Amino acid sequence: MIRWSQTLLNTLREAPQDAEIVSHMLMIRAGMMRKLGGGLYTYLPLGMRALRKIEAIVREEMERAGAQETLFPILQPAELWKQTGRWETMGPGMFRVQDRKEAWYVLAPTAEEAFTALAKSEISSYRQLPRTIFQMQDKFRDEIRPRFGLIRGKEFIMKDAYSFDADDAGADKSYRAMYDAYVRIFARVGLAAKPVEADTGDIGGNFSHEFMVFAASGEDGILDCPACGYAANQERAERAPAPVPYQTEAGAAETVATPGQHTCEEVACFLGRPIDQIVKSLVLLVGGKPVMALVPGDRELSETKLRRLFGGAKVEEAAPETVAQVAGPVGSIGPVGVSIPVYADRSLQGAADVVVGANREGAHLLHVCLARDAKVAAYEDLATVRAGDLCPKCGKPLEIRRGTEVGQCFKLGTKYSAAMGASFLDEQGASKPLVMGCYGIGVSRTLQAIVEQSNDENGIIWPAAVAPCQVALLILDPDVPEVVAKAEALGAALEARGIDVFVDDRAERPGVKFKDADLIGLPIRVVAGAKGLAKGGFEIRRRTERDSAIVAPEQAAQAISDLLATTQK
RNA sequence: CGGAGCGUAGCGCAGCCUGGUAGCGCAUCUGCUUUGGGAGCAGAGUGUCGGGGGUUCAAAUCCCCCCGCUCCGACCA
């Protein structure tokens with residue numbers, strides 16, 4: 001039994017000034033956590049209890065899926081990270097520190113290197129495969145912009161698991177086991193998380209799913225097919241091919257003056273043509289070399305897709321000077337006559353009457369036929385998919401939703417094992433690199449995502465499985481001995497049934513206790529007051545209900561137990 | 001890293017333009033009254049005004065530098 005009078009817990013009437021989203025505001029107001037610095041949060045006793053419950057569920061499901069828990073150092077030698085090149089590629093995203101001998105270390109932002117190093121030293125035979133190991137550990141990332149409380153912090157708690165297999169088929173099985181465990185974990189913590197196809201980002205590898213929680217405040221766009229269930233991160237979502245417009249040639253290309261018109265919208269408007277007839281030309285540096293990308297004027301280029309096309313090379317926007325050098329002034333460039341490689345979105349294949357920049361200030365070209373007038377190296381999927389585009393799986397229109405990522409699975413292949421020489425001997429005695437997968441859950445982020453998804457105007461509504469306690473017991477008359485005695489007896493009876501009880505035993509007015517109970521949001525509220533007891537017993541209700549039931553003291557423990565069993569999640 | 005804003009009591013903020021006694025609400029403490037949805041009255045405590053430098057008889061206020069935080073953008077699990 002936890003007593004408020006003995007707990008470090010203060011609720012706030014006013015929202016903190018820096019809380020942008022409801023879950024952040026509620027976590028602070030309800031006294032679950034406090035900010036120590038930008039992107040750095042302290043878990044207070046109540047928040048800590050919820051966190052521990054999530055961790056316990058994650059552990060259980062990991063072990064059920066055959067994974068074994070370990071614990072790696074957070075502080076890791078730079079050499080480890082240099083072996084895979086991530087000392088450079090993750091670069092400023094990592095916290096790096098030096099010891100007194102000026103040797104460099106990394107505060108681990110993830111742990112592929114360390115786990116691979118362990119596998120290298122411990123696994124030498126196919127007889128030891130497969131293995132999946134995990135840890136629940138603080139991670140550090142020097143986020144450019146920490147925000148939304150626990151959603152994006154500089155320090156956070158992550159469960160990271162790594163699988164090691166002898167071959168691809170085995171790796172697929174390990175991946176599937178983790179994927180299934182993730183589905184169970186998010187269901188158990190009361191979170192509606194949907195697996196979506198995702199990009200592999202800095203982690204690398206060739207295949208990935210993100211587990212996304214839909215929320216208006218989400219930082220990612222997700223294309224979702226209500227018809228067949230296809231879902232993918234906007235960075236990499238595909239669409240079914242649509243008929244390519246403007247396939248009929250309309251004569252030779254012709255220069256037209258477009259003074260001061262730079263964006264596709266301006267040019268379309270100025271020329272009185274539909275915007276999708278304008279072709280957007282962009283110069284990017286791919287692995288340091290300039291490349292031109294073409295997408296329809298009403299579309300955005302997906303830099304992620306371009307990066308995938310080039311095997312994960314770094315893609316960045318070219319500086320205006322570079323653009324001017326290889327094509328023309330920004331806002332007036334086009335593919336005609338340029339000598340850098342040109343890649344066009346698939347939807348432009350066959351386009352025979354479009355408008356492009358003339359590579360001269362204030363001029364565009366009409367009636368351009370890409371096949372005739374430009375040298376296009378390849379037509380690839382480069383444009384960002386948007387709502388209304390057709391599902392690549394079933395052809396029905398896609399919807400777009402916002403989401404927050406709470407977990408991600410990656411098929412890594414041999415990226416890390418090959419780089420670090422983590423190999424084993426197969427049945428024939430041949431040395432092969434381990435085939436790996438890695439699997440992360442943002443545990444602290446999950447905590448806040450639950451609150452983001454489950455609240456009302458009065459406060460948090462904790463799912464029973466992760467609530468700091470299952471029952472809030474409000475003693476309205478702490479100076480009436482009979483009320484206190486009955487409440488204490490009920491608390492003890494509940495504890496005996498394994499139900500966590502949080503007792504509000506403060507000398508506060510009833511209204512304050514009701515407000516705070518709603519704010520903190522435990523699943524069941526039990527009121528012990530002189531008035532209620534005079535009417536026959538305790539007043540019991542779910543956090544989500546308006547009306548209470550009066551239950552006689554001797555039946556109360558059973559009634560609460562029953563109510564909990566039927567409370568959703 | 002580019003743009004913008006903010007930094008004054010534990011929290012939320014006013015005061016700054018036009019230099020001169022540091023204030024309000026919430027919270028905290030004391031007393032009385034109250035007591036079923038964030039009580040009322042009376043009283044009390046609480047500040048390196050983010051830091052440093054400058055101007056001035058005098059700086060929270062004006063000027064310069066630095067630091068921190070937040071938002072938008074770019075970027076990113």
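Proteins get letters first, then strands, A, B, ... in listed order; numbering begins at 1 in each. For the numbers below, each heavy atom of this structure counts, side chains included, while hydrogens, waters and symmetry mates do not. As the structure is a prediction and not an experimental result, all values here were calculated from the model.
The closest side-chain donor-acceptor pair between A:T384 and A:E300, if any, does not fall under 3.5 angstrom.
Between A:R509 and B:A39 there is a side-chain polar atom (N or O) within less than 4.0 angstrom of OP1 or OP2. OP1 or OP2 of B:C72 lies within a sub-4.0 Å distance of a side-chain N or O belonging to A:R147. Checking the phosphate oxygens (OP1, OP2) of B:C69, no side-chain nitrogen or oxygen of A:K35 falls inside 4.0 Å.
The P atoms of B:G20 and B:G15 are separated by 14 Å, rounded to the nearest whole Å. B:C76 and B:G38: their C1' atoms are spaced 41 Å apart (whole Å). When the P atom is used for both B:A44 and B:G25, the distance is 14 Å, rounded to whole Å.
At whole-Å resolution of the value, CD in A:E219 and P in B:C71 are 10 Å apart. Put simply, CD on A:E545 is 19 Å from P on B:G37, counting in whole angstrom units. In this structure, the CZ atom of A:F148 is 7 Å from the P atom of B:C71, given to the nearest Å. We find that CG of A:L474 is positioned 15 Å from P of B:G38, with the value rounded to whole Å. Rounded to whole Å, atom P of B:C11 lies 14 Å from atom CG of A:L44. Residue A:L40 contributes atom CG, which lies 13 Å from atom P of B:G68 at whole-angstrom precision. The CG atom of A:D504 sits 13 Å away from the C1' atom of B:G37 (whole-angstrom rounding). Taking atom CD1 of residue A:I151 and atom C1' of nucleotide B:C71, one finds them 18 Å apart after rounding to whole Å.
In summary, A:E482 and A:K486 engage in a salt bridge, as defined by a charged side-chain N under 4.0 Å from a carboxylate O.
Ring-to-base geometry does not place A:F410 in a stacked arrangement with B:A77 (centre distance under 5.5 Å, plane angle under 30° required).
Residue-level contact check: A:G529 touches the bases, meaning some heavy atom is under 4.0 Å from a base atom. Backbone-only engagement by A:E303 is indicated by non-hydrogen atom pairs under 4.0 Å involving sugar-phosphate atoms exclusively. Looking at heavy-atom distances under 4.0 Å, A:R29 makes contact with a base. If you check every strand for non-hydrogen atoms under 4.0 Å, A:G532 touches a base. Across all strands shown, A:E210 has no heavy atoms under 4.0 Å from either base or sugar-phosphate atoms. In this structure, A:R541 reaches the bases: a heavy-atom distance under 4.0 Å links it to at least one base atom across the strands shown.
Taken residue by residue, residues 513-528 of chain A places heavy atoms nearer than 4.0 Å to RNA chain B at A:F514, A:K515, A:D516, A:D518, A:L519, A:R525, A:V527.
Of the candidate nucleotides B:U70, B:A77, B:G36, B:A77 has the atom nearest to the side chain of A:E143.
With a 6.0 Å cutoff to the six-membered ring centre and a 45° limit on the axis angle, A:R506 counts as a cation-pi contact of A:W4.
No hydrogens or angles were tested; on distance alone, nothing pairs the side chain of A:E508 with the base of B:G38 as donor and acceptor under 3.5 Å.
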